[in-house]
Amino acid sequence: MSELRRDPVLRRWVIMAPERGGDLLPRRADPLPRDDAGPCPFCPGNEQFNPEEIAVTPGDAGWAVRVTPDKRPLLRIEGDPERRAAGMFDVMNAIGAHELVTDTPEHEFTWADFPTPHMVRVLEMYRARTTDLRRDRRFRHVFVLKNHGAVWSRYQHAHSHLIATPFTPKRLEEELAGARDYYRMRERCVFCDQLAEELRAGTRIVARNGEFVTFTPFASEYPYEMWIVPRTHAADFGTLADGSLVPLAELLVDALARLRGALGDPPHSLVLHAGPLDGSDQAEFHWHWELVPHLGHELGMEWATGIFSNPVPPEEAARQLLAARPKAAS
């Protein structure tokens, strides 16, 4: 069985998953040709490949959004964490949730193609699943993760992942620690202050509406990295009001369409970072989406030291993304 092991130096949890040994095979340089991939398990009519449904949003002809258990989950919902010592080390069972979201029944559609009403359906599903997973007291955080154009992916059909963890992952732990320190010093949310500064400067703003802002962060680690942040302070994505779904959907589709217009649809990843499920850090944290295009492999120094180098300043990235005016989604 998979287990979680904590690195006592870097203070991060690592999933030991021997059943995923096939992932050690060299990753392909190019996507697998579609004809070699076999029937798409995400397309309507092929539900037998993922028969167990967790949740479904009805559509005009069947379903519009479908959630199933991941067939090769990194974290499994059955059992208890059973936190324990292994000598000086900390170990627990790889308990959590790993759900697969089929974002659309349309095989060729990507988020950049989504009409706003359909993007709203996807966001509604994320919100509903976050609310449901919160009821499981074993879990501390829920993430939404989406990869597009990954060369190792066997299927091109748009899908995403909902992952619940019984611990705080390292990247989010660093964000939380920084937000707590800032709040302790200034009694203000660092994300709110950052957003105010971006709006004041204006040179890194990509898009905005009455409720959300898309910008390229001042100290972007990756070229053309974008964040989508609510103007109103909130730590919990699960409490997002119905009236905020449309403006958020509009900016998510807009960001992906601009990325495609500026860079020719590069592989990319999106992640939703939100506060802890137990409701703590409500004043300190601010939920947000992070979008990062994959334009090359990490350099040795980035892996060795955690120091990133970015050849495209965020101001230049924002200028190019602003110039890539996408066709408005209906």
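Everything quoted here is computed from the prediction, not taken from an experiment.
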In Å and rounded to the nearest 0.5 Å, what is the [atom1] to [atom2] distance from [X] to [Y]?
{"X": "Ile163", "Y": "Asp70", "atom1": "CD1", "atom2": "CG", "value": "8.5 Å"}
{"X": "His268", "Y": "Tyr222", "atom1": "NE2", "atom2": "OH", "value": "15.0 Å"}
{"X": "Thr168", "Y": "His141", "atom1": "OG1", "atom2": "NE2", "value": "3.0 Å"}
{"X": "Glu53", "Y": "Thr68", "atom1": "CD", "atom2": "OG1", "value": "8.0 Å"}
{"X": "Glu3", "Y": "Glu82", "atom1": "CD", "atom2": "CD", "value": "11.0 Å"}
{"X": "Arg121", "Y": "Thr104", "atom1": "CZ", "atom2": "OG1", "value": "9.5 Å"}

Taking C-beta and beyond as the side chain, do [X] and [Y] meet within less than 4.5 Å on heavy atoms?
{"X": "Pro314", "Y": "Pro217", "answer": "no"}
{"X": "Glu225", "Y": "Thr216", "answer": "no"}
{"X": "Val122", "Y": "Tyr126", "answer": "yes"}
{"X": "Val292", "Y": "Val271", "answer": "no"}
{"X": "Arg134", "Y": "Val142", "answer": "no"}
{"X": "Thr232", "Y": "Ser244", "answer": "no"}
{"X": "Asn50", "Y": "Lys71", "answer": "yes"}
{"X": "Asp242", "Y": "Arg127", "answer": "yes"}

Quiz item: Is it true that the side chains of His148 and Asp265 contain a donor and an acceptor less than 3.5 Å apart?
Solution: yes
Exercise. Say whether Gln194 and Trp227, considering side chains only, have a donor N or O and an acceptor N or O under 3.5 Å apart.
Key: no
Are [X] and [Y] within salt-bridge range, i.e. N to O under 4.0 Å?
{"X": "Arg319", "Y": "Glu316", "value": "yes"}
{"X": "Lys170", "Y": "Asp7", "value": "no"}
{"X": "Arg180", "Y": "Asp281", "value": "yes"}
{"X": "Glu173", "Y": "Arg11", "value": "no"}

List the atom of [X], the atom of [Y], and the distance in Å for their closest heavy-atom pair.
{"X": "Pro81", "Y": "Met92", "value": "O-CB, 3.2 Å"}
{"X": "Pro311", "Y": "Pro223", "value": "CD-CG, 3.7 Å"}
{"X": "Asp103", "Y": "His118", "value": "O-NE2, 2.6 Å"}
{"X": "Gly45", "Y": "Gln48", "value": "O-OE1, 3.2 Å"}
{"X": "Ser160", "Y": "Lys146", "value": "CB-CB, 4.0 Å"}
{"X": "His157", "Y": "Thr102", "value": "NE2-CG2, 3.9 Å"}

Donor-acceptor check, side chain of [X] to backbone of [Y], threshold 3.5 angstrom: yes or no?
{"X": "Asp113", "Y": "Thr110", "value": "yes"}
{"X": "Arg138", "Y": "Gly79", "value": "yes"}
{"X": "Arg204", "Y": "Phe215", "value": "no"}

Self-check item: Derivation and outcome, side-chain contact (heavy atoms from CB on, under 4.5 Å), residues Glu221 and Glu290
Solution: CA-CA 11 Å; Glu221 294 178 353; Glu290 298 182 17; over 6 Å; no
Plane angle bin for [Y] and [X] - parallel if under 30°, tilted between 30 and 60°, otherwise perpendicular:
{"X": "Phe109", "Y": "Phe114", "answer": "tilted"}
{"X": "Phe42", "Y": "Tyr155", "answer": "perpendicular"}
{"X": "Phe237", "Y": "Trp287", "answer": "perpendicular"}
{"X": "His286", "Y": "His233", "answer": "perpendicular"}

Practice problem: Quick one: do Leu256 and Arg260 satisfy side-chain contact (heavy atoms from CB on, under 4.5 Å)? Show the steps, please. | Solution: CA-CA 6 Å; Leu256 272 297; Arg260 181 166 64 183; over 6 Å; no
Practice problem: Take Asn93 and Glu78, measure what side-chain contact (heavy atoms from CB on, under 4.5 Å) needs, and give me the verdict at the end. | Solution: CA-CA 10 Å; Asn93 295 335; Glu78 303 85 7; over 6 Å; no
For the hydrophobic clusters of this structure (ILVMFWY residues joined by side-chain heavy atoms under 4.5 Å, transitively), does one cluster hold both [X] and [Y]?
{"X": "Leu270", "Y": "Phe212", "value": "yes"}
{"X": "Leu248", "Y": "Phe285", "value": "no"}
{"X": "Val144", "Y": "Ile54", "value": "yes"}
{"X": "Ile95", "Y": "Ile77", "value": "yes"}
{"X": "Val67", "Y": "Leu272", "value": "yes"}

Quiz item: Out of Leu172, Leu162, Thr130, which one pairs with Phe143 under the side-chain contact (heavy atoms from CB on, under 4.5 Å) rule?
Solution: Leu172
Practice problem: Apply the side-chain contact (heavy atoms from CB on, under 4.5 Å) test between Thr214 and each candidate in Val206, Leu252, Leu321; give the one that qualifies. | Solution: Val206
Does [atom1] belonging to [X] count more than 12 external heavy atoms closer than 6.0 Å?
{"X": "Arg12", "atom1": "CZ", "result": "no"}
{"X": "Phe49", "atom1": "CZ", "result": "yes"}
{"X": "Arg231", "atom1": "CZ", "result": "yes"}

Practice problem: Among Ile, Leu, Val, Met, Phe, Trp and Tyr joined by side-chain contacts under 4.5 Å, find the other residues sharing a cluster with Met88 and list them by chain and number. | Solution: Phe89
Quiz item: Leu240 and Leu245: side-chain contact (heavy atoms from CB on, under 4.5 Å), yes or no, with the steps?
Solution: CA-CA 7 Å; Leu240 181 66; Leu245 290 166; 3.7 Å; yes
